[in-house]
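Below is one structure, written out as structure tokens; comments come after it.
Positions are given from 1 along the sequence. Numbering of ligands and ligand atoms starts at 1, following listing order.
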Amino acid sequence: MNGNYQDWAKETAKKIAEKMEWVSEKSKDKIPYTTVNGTHDNRLDPKIEFTPDNGPRWWCNGFWAGMMWLMYHETGNERYREIGEYTEKSLDSCFDYFYGLHHDVGFMWLPSAVADYRLTGSEDGKRRGLHAAALLAGRFNPVGRFIRAWNDPIVEAGKEAQALDNRGWAIIDCLMNIPLLYWASDMTKDPRFKQIAMLHADRAMECFVRPDGSVRHIVEFDPFTGVMVRDYGGQGYGDGSSWTRGQAWGLYGFVISYIHTGKQEYLDTAKKIAHYFMANIPESGLIPVDFRQPKKPAWEDSTAAAIAASGLLEISRQVGEYERDLYLNAAIKLLKTLEEKRCSWGRENDCILEKCTAAYHDKEHEFNIIYGDYYFMEAVFKLKGDDVFLW
Ligand code: GLY
């Protein structure tokens with residue numbers, strides 16, 4: 001099945017490069033999240049409100065820069081470096097007024113500032129990455145051994161009594177943020193960042209991963225005693241369900257923790273989640289929003305497919321040759337399906353991946369989402385044989 005996969009990856013990388021050549025110029029002053037009538041939106045638009053969900057602090061704001069750094073690595077074209085640097089600088093306002101920054105500082109500054117440092121040695125990139133790492137480390141709950149996900153919700157006056165208390169909430173996605181802490185320990189030679197990352201990853205192994213290999217999205221701990229209280233379905237279908245992007249964050253996140261620490265249990269856990277994910281890939285190769293959602297409506301999430309593919313490729317690089325093809329073949333199936341059925345290569349759309357979904361119960365489903373494009377690009381470049389690794 002995977003005999004000609006490198007030729008396929010080269011061909012697809014060429015299509016990505018052709019598309020990025022014009023899209024990068026068209027969107028060079030933006031930080032896109034999605035599209036409006038096929039055109040990238042802009043999270044830097046001064047007209048939009050400065051909230052965690054919208055303006056510069058939006059958790060997805062590192063992926064456009066990440067795409068520029070992947071393209072820079074791929075082509076050596078300085079234009080991608082300039083656009084990547086512009087995006088990175090544009091996020092500095094988040095540090096000036098850091099209220100509302102969240103655990104997703106890893107998603108924001110690893111593919112932007114830290115990628116810049118890794119690829120060019122930029123001192124500004126290093127400073128920004130370390131600033132973000134200090135904010136992430138500051139969210140650690142030492143009694144519960146977890147990193148708090150979000151902040152106190154903004155509550156309307158008079159409705160304080162009904163406000164949600166999320167001080168003890170941690171989410172599976174955070175496994176993709178903690179690589180910022182591994183990197184910070186490498187930079188500073190101070191083990192504290194890595195210690196926090198490993199305590200969080202250990203607690204996630206204990207409390208998020210179910211015996212069948214599926215993972216919970218949100219786990220609530222008592223923030224004072226650290227005891228696990230309950231879990232929530234979060235962005236998936238419901239309590240006890242299996243949000244596919246969460247499964248993808250889990251399998252990718254644990255293999256990254258293995259790469260940075262060498263701790264065997266992390267690789268074993270990544271494999272366990274991967275086996276569950278692979279066993280649930282439908283015949284079509286198209287990934288639903290939740291593996292346990294009702295048959296109708298059959299909402300899809302192409303981002304889950306792209307993230308899982310990139311994570312499976314990372315696992316395939318870490319295991320012995322007898323196991324390698326299992327993960328490689330699954331990644332190839334996901335990527336080829338996306339390319340055949342869910343990619344837009346023309347000028348009618350600034351994004352590549354179609355049918356991405358942020359959350360099962362949101363009003364909107366199946367639209368363009370920037371991190372779908374980022375992980376698809378990352379996975380295709382890896383499959384082609386690039387040594388790229390921004391996490
Ligand atoms: N990190 C939030 C999400 O995956 O939607």
Side-chain angles (χ1 to χ4, degrees), residues 31-34 41 43 51-54 57-64 66 94 100-112 132 135-136 139 146-151 153 166 169-180 200-201 204 208 214-220 231-238 241-254 256 273 277 287-291 293 299-311 351 353 355-376 378-379 390-391:
I31 301 188
Y33 165 60
T34 183
D41 71 340
R43 298 283 144 161
T51 74
D53 291 347
N54 224 338
R57 286 177 306 204
W58 178 228
W59 75 274
C60 306
N61 282 354
F63 292 110
W64 173 246
C94 302
L101 273 181
H102 33 64
H103 72 150
D104 284 328
V105 292
F107 279 120
M108 291 176 70
W109 279 282
L110 273 167
S112 59
L135 292 172
L136 184 58
R139 305 185 68 84
F146 67 89
I147 291 173
R148 180 181 176 179
W150 298 304
N151 300 314
N166 62 14
W169 285 23
I171 66 174
I172 191 73
D173 327 26
C174 195
L175 288 166
M176 297 299 286
N177 290 316
I178 61 175
L180 184 63
H200 178 88
F208 281 80
S214 68
V215 299
R216 305 179 166 102
H217 183 201
I218 301 173
V219 170
E220 178 177 346
D231 63 351
Y232 299 89
Q235 285 161 253
Y237 176 64
S241 76
S242 174
W243 177 47
T244 53
R245 192 161 64 251
Q247 319 304 299
W249 292 140
L251 72 89
Y252 200 170
F254 276 113
I256 294 172
I273 303 169
F277 193 101
I287 300 301
V289 178
D290 193 306
F291 282 133
Q293 71 189 30
W299 303 125
E300 270 179 48
D301 181 19
S302 301
T303 74
I307 296 160
S310 201
C351 272
L353 272 203
K355 294 212 174 199
C356 306
T357 298
Y360 186 88
H361 292 288
D362 278 358
K363 277 201 203 89
E364 284 182 51
H365 303 89
E366 303 188 339
F367 49 99
N368 301 122
I369 299 184
I370 199 71
Y371 49 83
D373 286 11
Y374 171 85
Y375 285 102
F376 180 71
E378 180 188 271
L390 301 186
W391 302 95

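- For ligand 1, one of its N or O atoms has an N or O atom of W249 under 3.5 Å away.
- Among protein heavy atoms, atom 5 (O) of ligand 1 sits closest to R245 NH2, 2.6 Å.
- Close approach of ligand 1 to W59 (heavy-atom distance below 4.0 Å) involves ligand atoms 1 (N), 2 (C), 3 (C), 4 (O), 5 (O).
- Close approach of ligand 1 to D173 is summarised as follows: ligand atoms under 4.0 Å from at least one heavy atom of the residue are 1 (N), 2 (C), 3 (C), 4 (O).
- Although no hydrogens or angles enter the test, the distance criterion places a donor-acceptor pair under 3.5 Å between the side chain of T244 and the main chain of V289.
- A distance below 6.0 Å separates the ring centres of W58 and Y33.
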* To do: Might you work through the side-chain hydrogen bond (donor to acceptor under 3.5 Å, both in side chains) test for E378 and W391, ending with a clear yes or no?
  => CA-CA 11 Å; E378 180 188 271; W391 302 95; 2.8 Å; yes
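- By the 3.5 Å distance cut-off applied to N or O atoms, W243 is not counted among the residues near ligand 1.
- A donor and an acceptor atom, one from each side chain of Q235 and Y360, are nowhere located under 3.5 Å apart.
- Using a 4.0 Å cut-off to heavy atoms of Q235, the atoms of ligand 1 that qualify are 2 (C), 3 (C), 5 (O).
- D173 and H217 are linked by a side-chain donor-acceptor pair at a separation below 3.5 angstrom, with hydrogens and angles left out of the test.
- No side-chain N or O of R139 forms a donor-acceptor pair with one of N177 less than 3.5 Å apart.
- For ligand 1 and Y371, the ligand atoms under 4.0 Å from any heavy atom of the residue are 5 (O).
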